[in-house]
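Let me begin by presenting the structure, written as structure tokens, before commenting on it.
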Amino acid sequence: MTDEPHFFDEMRKADNAPRAPYQGFNNWFSGEDISRLQRKSREAEQFFRKTGITFNVYGSGEADERLIPFDIVPRIISAQEWARLTKGIEQRVRAINAFLYDIYHRQEILRAGRIPTELIARNEAFLPLMIGVAPPGGIYTHIVGVDLVRTGEDDFFVLEDNARTPSGVSYMLENRETMLQMFPELFSKIKVQQVSDYPTRLRRSLCAAAPPATTGKPVVAVLTPGLHNSAYFEHSFLADHMGAELVEGHDCRVVDGRIAMRTTRGYQPIDVLYRRVDDDFLDPLNFNPDSMLGIPGIMDVYRSGGITIANAPGTGIADDKAIYSYMPDIVEFYTGEKAILKNVPTWRCSEPDALAYVLDHLDELVVKEVHGSGGYGMLVGPAASKRELSAFRAKLTARPGNYIAQPTLALSTCPILTKAGLAPRHVDLRPFVLVSPEKVDITPGGLTRVALKKGSLVVNSSQGGGTKDTWVLGE
Amino acid sequence: MLGKTAGGIFWMFRYLERSENTARLIEAGFRIALTRPDSAQDEWASVLQSASVRDLYDQHHDDYDASQVVNFLLRDKANPSSVLSAFEAARNNARMVRTALTQEVWEAVNESWMQLTDALRRPVREADLPEALGLIRRHSALVRGATHGTMLRNDVFDFARVGTFLERADNTARILDVKYYVLLPSITQIGSSLDNVQWETILRSVAGQRSYRWLHGTDISPRGIAEFLILDSRMPRSLAFCVSKMSGNLGYLQSQYCEDCPSFARMQVLRDQLKETEIDHVFEMGLHEFIIGFLRDNADLAAQIEEDFRFNG
């Protein structure tokens with residue numbers, strides 16, 4: 001027992017008494033019959049299947065619609081904790097937008113020598129086509145998902161910024177919906193802040209950044225790669241709840257200098273496009289010519305102010321993992337303040353000293369691909385076999401610039417309901433942030449991802465992670 | 001509304017109707033096979049023909065063995081009109097147009113698809129067939145009920161209805177066409193046992209045996225059946241009924257889109273022709289020719305709707 005690393009438990013203190021935010025939940029839970037809860041938990045699965053809350057897994061053939069496992073024990077955050085987090089998130093997101101504007105205009109931060117020029121110039125996520133382009137309302141990242149992890153009472157770290165097309169918000173909403181259906185009594189006992197108006201907030205936020213060409217009420221559409229995309233459910237969910245059209249590339253074309261969608265009455269212009277298609281595929285005329293998912297010519301319309309694209313093309317330069325390590329400098333450079341939210345210490349393997357350290361301590365570190373996502377292509381040192389370590393060592397030596405490394409964090413745990421009762425599992429948190437010319441709007445809640453396997457630190461749904469309802473308590 | 005969405009709704013409801021009709025055809029075939037084992041093989045062949053999949057079936061199989069035919073019609077992925085394929089196509093369209101459906105309709109389709117996929121996971125044994133067919137019927141009714149009970153009566157609903165009746169008219173006409181020769185007065189002997197089998201199949205395929213008896217007692221005649229399925233506007237699967245429903249919904253679409261839709265003009269021609277038709281004229285011009293003409297007009301109408309409302313571009 002003594003060798004086991006200590007993890008911060010979000011529900012219970014060392015003496016097994018509940019932490020303050022979990023007090024109400026704990027009272028309810030201790031009066032509940034475990035077998036009833038387990039039955040409820042199975043019902044939840046049926047509910048998800050029936051509603052069609054599934055995601056498609058690439059390359060899994062027949063059974064290609066899967067559920068993300070849902071755990072019924074909520075992840076609870078107090079109003080005070082949340083207030084602190086939101087201050088830090090808002091600061092960070094404002095800095096990211098300022099950084100993007102700067103990088104695509106005067107590049108002051110490079111001139112000041114705060115970030116090495118080659119990190120931008122040679123970065124695939126940097127879009128030269130965006131240089132000098134002023135996005136409508138000055139907004140680059142309309143929707144940001146900031147991934148946070150916790151290691152102690154007051155220790156939150158930003159694990160990564162998702163500034164391209166953060167996904168998972170439909171789970172935040174459906175998880176709450178499911179909890180409300182299954183345990184209505186909980187919500188009458190405990191004051192939990194609402195998340196259900198997120199789609200309305202999203203629509204309002206998007207409309208506030210409508211392009212100059214808009215006449216009348218802005219027309220919003222969601223651009224999806226289509227039925228077979230892993231996040232299709234979310235795309236249709238958001239379109240549905242925002243009252244927006246769900247379009248694919250082939251439904252749209254350039255008409256009179258605008259992007260227009262083919263309706264039963266002919267082509268009608270779109271003002272704001274919430275796109276869930278990557279930069280590369282957005283415009284076959286300007287980017288990947290083989291793309292069937294995009295809209296030919298949309299970049300030209302965009303540059304002339306005919307449409308708002310959310311998020312703006314080229315925002316990937318801000319959530320690139322190599323840039324991540326400079327975030328504290330970036331926040332300071334643009335806001336003049338110290339970053340409120342901490343970064344995880346990061347070794348940039350492109351730097352020889354850092355590389356040497358990482359190679360020496362490979363079995364203690366988490367190594368990630370600079371451009372990777374979804375938990376693919378990463379190494380969790382302490383969990384890796386000798387063979388995996390040596391294979392990774394070879395990859396790392398061959399292309400050091402492709403990797404960063406971080407210490408293996410002692411991620412906090414929150415209990416899940418297992419056959420044997422409650423058991424702690426590691427969690428992270430992705431709050432969803434909306435940015436408009438008017439304000440930064442953070443919905444009180446988010447997506448809590450949980451590693452269902454005992455001891456595992458990988459929470460990605462594509463790697464066997466599950467989700468929880470996330471509660472932010474009322475004041 | 002997006003053209004693609006209108007098309008998706010239209011096809012979703014066509015596929016739902018098709019899956020239900022295929023199930024009815026199986027039911028009719030099964031019934032005949034049980035009660036008249038001697039003519040079973042011929043019956044199954046004509047059931048396949050009514051479902052317009054006989055050529056496809058012949059490419060895969062050498063005889064009309066009952067369990068093989070049933071499997072092909074019920075759950076074979078190689079058959080796009082099988083109950084399972086059609087229902088899956090309907091559900092895929094529903095996923096595509098989810099933003100245009102109420103939660104209840106979507107859930108009804110999705111849940112039905114889950115249950116049917118599960119029930120038809122393995123070939124259905126003869127003893128379990130009635131239950132499986134009953135399940136399909138109940139789920140079709142569930143989706144229909146959710147549609148009627150919760151959908152806004154706007155253009156989305158109209159596209160759904162037009163799709164339903166276009167498909168249904170097509171199906172009824174095909175059933176008639178496959179059996180047209182038994183309905184010709186010249187070659188039928190009223191009361192012969194062979195003909196009774198044939199007539200019963202026809203009526204069962206359209207769930208009309210009971211209704212027919214209400215209207216005509218036990219006086220089952222080819223002329224009566226043809227009139228019942230072509231011209232009787234009380235019969236919900238007759239051509240006249242389908243056409244009158246389509247013309248109502250296309251009329252609403254026209255009034256909302258306030259243009260002279262070519263599809264509505266086509267619709268009117270079809271409706272007026274049918275209105276002026278008497279059953280004796282049908283037999284005079286030739287039942288087969290009449291049905292072939294109807295199927296062609298119906299298909300042309302579908303193509304025109306697709307164009308008028310920009311389903312595909």
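None of these values were measured; they are calculated from a predicted model. Per chain, numbering begins at 1; letters A, B, ... match sequence-line order.
Of all heavy-atom pairs spanning B/L2 and A/L246, the tightest one is CD1-O, 3.2 Å. The two residues B/E107 and A/K50 come nearest to each other via the heavy atoms OE1-CE, 3.4 Å.
Heavy atoms of A/H241 lying under 4.5 Å from chain B are absent altogether. Heavy-atom distances place both the backbone and the side chain of B/N92 under 4.5 Å from chain A. Only the side chain of B/F159 comes within less than 4.5 Å of a heavy atom of chain A; its backbone N, CA, C and O stay farther away.
Against chain B, the residues from residues 256-270 of chain A that qualify, each with a non-hydrogen atom under 4.5 angstrom away, are A/M261, A/R262, A/T263, A/T264, A/R265, A/G266 in number order. Proximity to chain B among residues 215-225 of chain A is not found for any residue, judged by heavy-atom separations below 4.5 angstrom. For residues 297-309 of chain B, heavy-atom neighbours of chain A at less than 4.5 Å comprise B/D308, B/F309, sorted by residue number.
Environment of CD in B/Q59: crowded, with over 12 heavy atoms of neighbouring residues, nucleotides or ligands closer than 6.0 Å. Taking a 6.0 Å sphere around CZ of B/R144, one finds it holds more than 12 heavy atoms contributed by other residues, nucleotides or ligands. Other residues, nucleotides and ligands place more than 12 heavy atoms under 6.0 Å from the CZ atom of A/F47. Residue A/E43 places its CD atom among more than 12 non-hydrogen atoms of other residues, nucleotides or ligands, all under 6.0 Å distant.
In this structure a side-chain-to-backbone donor-acceptor pair under 3.5 Å is present from B/N110 to A/R49.
At a threshold of 4.5 Å between non-hydrogen side-chain atoms, the residues A/T51 and B/Q103 count as touching. A/Y232 is listed as a side-chain neighbour of B/M96, based on a closest heavy-atom distance under 4.5 Å. Proximity of A/E245 to B/K4: side-chain heavy atoms (C-beta onward) are nowhere separated by under 4.5 Å.
Residues satisfying the salt bridge (Lys or Arg N to Asp or Glu O under 4.0 Å) criterion with A/D279, sequence neighbours excluded, are A/R275.
Interface summary for chain B: among A/A244, A/A239, A/G52, the most heavy-atom pairs under 4.5 angstrom belong to A/G52.
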> Given B/R98 and A/H235, is the side chain to side chain contact (heavy atoms under 4.5 Å, CB included) satisfied, shown in steps?
Replying inline: CA-CA 10 Å; B/R98 231 183 115 156; A/H235 306 161; over 6 Å; no

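Distance CG/B/N312 to CG/A/D251: 10.0 Å, rounded to 0.5 Å.
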